[in-house]
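The first residue in the sequence is number 1, and the count goes up from there.
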Amino acid sequence: MPSQSHWRIFQQRIYRINQYLKYINCFVILSLLFYPGLSVRGQSPFISPMDSLAIAIPALNNKVDITVSAAPVQEFLRGLANQAAINMNIDPSLNFTVSNNFNGVRVRDVLQFLKENFDIEIRATGNILNIRKRNVEVNPKTRVKIDTELGTDLISLTISQVPIRVVATEITAQTGQNIVVTPSLGEISVSCFIRNMPLFGALEKMAIGNNFSVRKTEDGVLIFEPLVAPVAPVQNMMNGNAPRGNRNSSTGTPDIQLIGKDSIRIYAPNCHLDDIVNKLFPMLNKPFNILSAMDDVVSLKYENITFEALLQELFAGTTATYKMENGGYRIGKRNIVELEESQVVPLKFRTIDSIIHIIPAQLKKEVEIKQYPDMNSLILTGAHDRVKNLAQFIQNLDKRIPVVLIEILIIDYTNTKALSTGISAGLGTQPTTTSGSIFPSVDISLGSSTVNNLINGLNGFGWVNLGQVKSNFYVTLKALEQDGIIDLKSTPQLATLNGHKAKMSIGDTEYYQEQQNNIFGAVTTQSQVITTYKPVEAELAVSIRPIVDASDEVTLEIKVEQSSFTARISQYAPPGKVSRKFESLIRVKDQDMILLGGLEENDRKDTRSGLPLLSRIPVLNWIFASREKSTTKAKLNIFIKPTIIH
């Protein structure tokens with residue numbers, strides 16, 4: 001039997017187990033309450049990084065509706081931040097586009113989608129989200145080179161943007177010197193190049209160049225720690241003191257290094273603009289004067305950039321600008337009169353009328369543009385950087401425009417053949433007088449007197465007696481053959497600027513009568529007749545628009561229309577008109593000849609009339625039938641030759 005003490009110990013252990021079970025149940029219940037997405041079975045209870053951010057920033061759980069198509073990611077994230085009321089700092093180097101349709105989606109899910117599908121990383125500083133490119137992990141040890149002189153205390157350091165903790169680890173491994181890095185300095189990157197110096201002196205120089213300090217304890221351990229107080233910015237010989245306004249403690253400190261004669265390395269994460277200016281200009285011995293406070297916050301990171309290019313990037317998109325004058329730089333808000341600049345931009349090859357309307361509105365923002373037609377120039381007034389960008393854009397547009405000479409050869413060929421033969425007779429309303437032609441074609445109308453004379457000449461031969469015809473009797477003899485060729489040639493030459501149309505037309509105008517009868521009056525009516533003559537045109541019109549590309553090939557947009565008049569249906573009706581037209585878009589080389597057209601029109605006509613049966617008998621059909629036969633062929637050819645005149 002167990003003793004009483006053993007029983008008491010057993011009861012205490014049972015009590016402790018019950019307490020543990022209560023704690024576990026409470027933890028499970030709280031997990032289900034705060035994280036309903038977790039499942040007790042089949043899922044891990046660990047919290048993801050985005051869940052941790054949602055605890056610190058509850059607005060990430062807000063739902064949004066946002067639809068974009070090929071939108072820049074920076075604009076997409078700004079819209080997302082405004083809609084969800086979230087503070088975001090976006091890396092300006094992000095340059096991809098987003099095309100998505102999100103309806104009723106949590107902000108945290110949208111950010112997780114971007115993180116998984118694009119090369120970005122998301123970190124939080126307080127309630128501010130930092131969204132930037134994901135840094136490619138490179139072994140920092142490959143950028144640290146430490147050389148020691150055997151038997152001496154001399155050391156050489158070649159370090160390029162390596163965290164201090166890695167530098168300290170490598171120095172300790174190479175020299176045996178113990179180094180302690182304070183937590184606030186561990187991830188700050190340093191760079192230096194030192195040759196053959198004592199260890200402590202080399203580390204002191206590295207600390208001075210990278211804005212931290214080195215302290216040696218009594219037991220010989222070196223401690224890397226931040227400076228006790230920040231060094232006040234050096235002011236130049238001009239006035240660099242300007243009101244700085246209220247500062248946000250969450251902004252960073254710019255890291256600027258001169259790595260060459262005109263080569264700068266800069267890392268300025270979320271830094272005030274005047275902090276960068278006050279550090280950059282004294283480092284390069286550039287005189288400057290800050291005319292007004294600058295509240296802009298910028299983020300820059302360049303491994304190698306020139307001073308002029310850095311100025312462009314530094315002030316781009318801010319409310320500040322700069323102007324170089326008398327060897328110094330004047331810096332301040334854009335609306336300051338002292339920072340405005342006027343520049344005359346003369347045009348060599350274009351006119352101001354043809355170029356001012358195609359300038360984008362974004363480039364004309366905050367820039368006053370005036371036209372000076374007498375010198376074919378534009379006068380630009382505004383901030384230095386905006387005037388400079390607009391002037392560069394105008395100069396890029398002011399290029400020599402090629403002239404295209406277009407030679408056109410128009411050939412209109414018409415071939416006509418006609419044959420008309422036969423004898424016709426009849427009774428007219430009046431006596432017919434004999435008339436007509438015998439040569440070169442036979443077309444004679446014989447009157448009754450001439451026919452009676454012929455009959456009388458035949459009468460008296462034996463038993464022949466044909467009698468007489470009436471006075472209104474007539475006979476027509478016709479034998480005509482025609483063959484004609486019409487060949488019209490036209491060789492116009494047109495010249496036009498690249499991209500502009502050249503037009504040519506040749507034609508006739510005829511008029512037709514149109515009458516309008518107006519009746520007015522109630523008791524006694526009166527009428528008024530108005531006669532007008534309206535024109536109808538038939539022409540050969542050619543329209544050509546040349547476009548010259550960089551390889552001296554010409555794209556021709558061609559339109560050709562040929563029309564001609566036909567017979568009127570009545571005396572006062574408008575004339576009929578037939579048209580032939582075509583359009584073409586082709587590309588040819590300079591001075592190549594092309595043929596367009598070949599528009600061919602064939603017209604055949606063959607009619608016969610005569611007495612039945614007799615008109616079908618050979619030989620007799622010349623007497624008892626008449627025939628008309630005609631054939632017409634018309635063909636239009638157009639030859640075009642473009643020549644580029646540079």
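Side-chain atoms of Lys333 and Thr319 form a donor-acceptor pair, as typed in the model, at a separation below 3.5 Å. Checking Thr217 against Asp219 by side-chain atom types alone, a donor-acceptor pair falls below 3.5 Å. Side chains of Glu313 and Tyr302: a donor on one and an acceptor on the other come within 3.5 Å. With 3.5 Å as the limit, one finds no donor-acceptor pair spanning the side chains of Ser191 and Ser160. Side-chain contact annotation: Glu225 with Thr182, donor-acceptor N/O pair under 3.5 Å absent.
The shortest distance between side-chain heavy atoms of Leu585 and Leu556 does not fall below 4.5 Å. Residues Glu170 and Lys145 fail the side-chain proximity criterion, which asks for heavy atoms closer than 4.5 Å. Between Leu80 and Val107, some side-chain heavy-atom pair lies under the 4.5 Å cut-off. For the pair Pro546 and Thr555, the minimum side-chain heavy-atom distance is 4.5 Å or more. Side-chain atoms of Ile355 and Ile394, non-hydrogen and from C-beta on, do get closer than 4.5 Å to each other. Residues Asp590 and Glu553 are not in side-chain contact: their nearest non-hydrogen atoms beyond the backbone lie 4.5 Å or more apart. Between Val110 and Ile66, every side-chain heavy-atom pair lies at or beyond the 4.5 Å cut-off. Met294 places a side-chain heavy atom less than 4.5 Å from the side chain of Ile331.
When atom types are taken as modelled, the side chain of Asn498 and the backbone of Ile401 share no donor-acceptor pair closer than 3.5 angstrom. No donor-acceptor distance shorter than 3.5 angstrom exists from the side chain of Ser342 to the backbone of Thr381, with no hydrogens or angles considered. Side chain of Asn82 to main chain of Arg78: a donor-acceptor pair is present (N/O by atom type, distance under 3.5 Å, no hydrogens or angles). Remark: side-chain polar atoms of Gln74 are paired, donor with acceptor, to backbone N or O of Leu94 under 3.5 angstrom. Side-chain N or O atoms of Asn210 include none that pairs as donor or acceptor with a backbone N or O of Ala207 at under 3.5 Å. At least one donor-acceptor pair under 3.5 Å links the side chain of Asn376 to the backbone N or O of Ile352. Under a 3.5 Å cut-off, the side chain of Asp398 and the backbone N or O of Arg350 do form a donor-acceptor pair. A donor-acceptor pair under 3.5 Å is absent between the side-chain atoms of Asp275 and the main chain of Asn278, judged by distance alone. No donor-acceptor distance shorter than 3.5 angstrom exists from the side chain of Arg587 to the backbone of Val554, with no hydrogens or angles considered. When atom types are taken as modelled, the side chain of Asn89 and the backbone of Ile131 share no donor-acceptor pair closer than 3.5 angstrom.
Shown here for Gln177 and Thr172, the closest heavy-atom pair between the two residues is O-OG1, 2.9 Å. Closest approach of Ile194 and Ala202 over heavy atoms only: CD1-O, 3.2 Å. For the pair Pro402 and Ile644, the tightest heavy-atom approach, listed with the atom from each and the gap, is CB-CG2, 4.0 Å. Residue Leu390 comes nearest to Ile369 through the heavy atom pair CD2-CD1, 3.8 Å, listed as atom of the first residue, atom of the second, then distance. Heavy atoms only, all atoms of each residue included: Ser377 and Val344 are closest at CB-CG1, 4.0 Å. Listed here is the closest heavy atom pair of Val214 and Leu203: CG2-O, 3.6 Å.
Residue Leu347 holds its CG atom at 10.5 Å from CZ of Phe349, rounded to the nearest 0.5 Å. Note that the CG atom of Asn196 and the OG atom of Ser156 stand 4.0 Å from one another [nearest 0.5 Å]. For the atom pair Leu157 CG and Thr148 OG1, the distance stands at 10.5 Å (nearest 0.5 Å). Of the inter-residue distances, the one linking Tyr267 atom OH with Gln257 atom CD reads 13.0 Å to the nearest 0.5 angstrom. Between atom CG of residue Leu314 and atom CG of residue Asp296 there is a gap of 9.5 Å, rounded to the nearest 0.5 Å. The structure places CG of Asp255 at 9.5 Å from SG of Cys271, a figure rounded to the nearest 0.5 Å.
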I would like to know whether Lys115 and Leu111 meet side chain to side chain contact (heavy atoms under 4.5 Å, CB included); could you show each step before the answer? CA-CA 6 Å; Lys115 185 177 179 182; Leu111 295 178; over 6 Å; no

Should Phe212 and Ile164 be marked as a side chain to side chain contact (heavy atoms under 4.5 Å, CB included) after you check the CA-CA gap, both sets of side-chain angles, and the distance that decides it? CA-CA 10 Å; Phe212 68 95; Ile164 292 181; 4.0 Å; yes

Evaluate side chain to side chain contact (heavy atoms under 4.5 Å, CB included) for Lys388 paired with Phe393, printing each intermediate quantity in order. CA-CA 9 Å; Lys388 181 179 179 181; Phe393 177 79; over 6 Å; no

Side chain to side chain contact (heavy atoms under 4.5 Å, CB included) evaluation trace for Gln362 with Lys364: CA-CA 6 Å; Gln362 187 65 25; Lys364 293 189 290 188; over 6 Å; no

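Checked options Ile266, Leu310, Leu284, Leu300; the residue passing with Ile256 is Ile266 (criterion: side chain to side chain contact (heavy atoms under 4.5 Å, CB included)). When each of Val180, Ile171, Ile179 is tested with Leu222 by the rule side chain to side chain contact (heavy atoms under 4.5 Å, CB included), just one qualifies, namely Ile179.
In summary, Glu121 and Arg132 engage in a salt bridge, as defined by a charged side-chain N under 4.0 Å from a carboxylate O. A salt bridge links Glu303 with Arg265: the closest approach of a Lys/Arg side-chain nitrogen to an acidic carboxylate oxygen falls below 4.0 angstrom.
Taking the six-membered ring where the residue is Trp, Phe315 and Tyr322 present tilted rings, their angle falling between 30° and 60°.
Counting heavy atoms of neighbouring residues, nucleotides and ligands inside a 6.0 Å radius, atom CE of Met283 exceeds 12 of them.
Cation-pi check for Lys323 over Tyr329 is not met; the charged atom does not lie both under 6.0 angstrom from the ring centroid and within 45 degrees of its normal.
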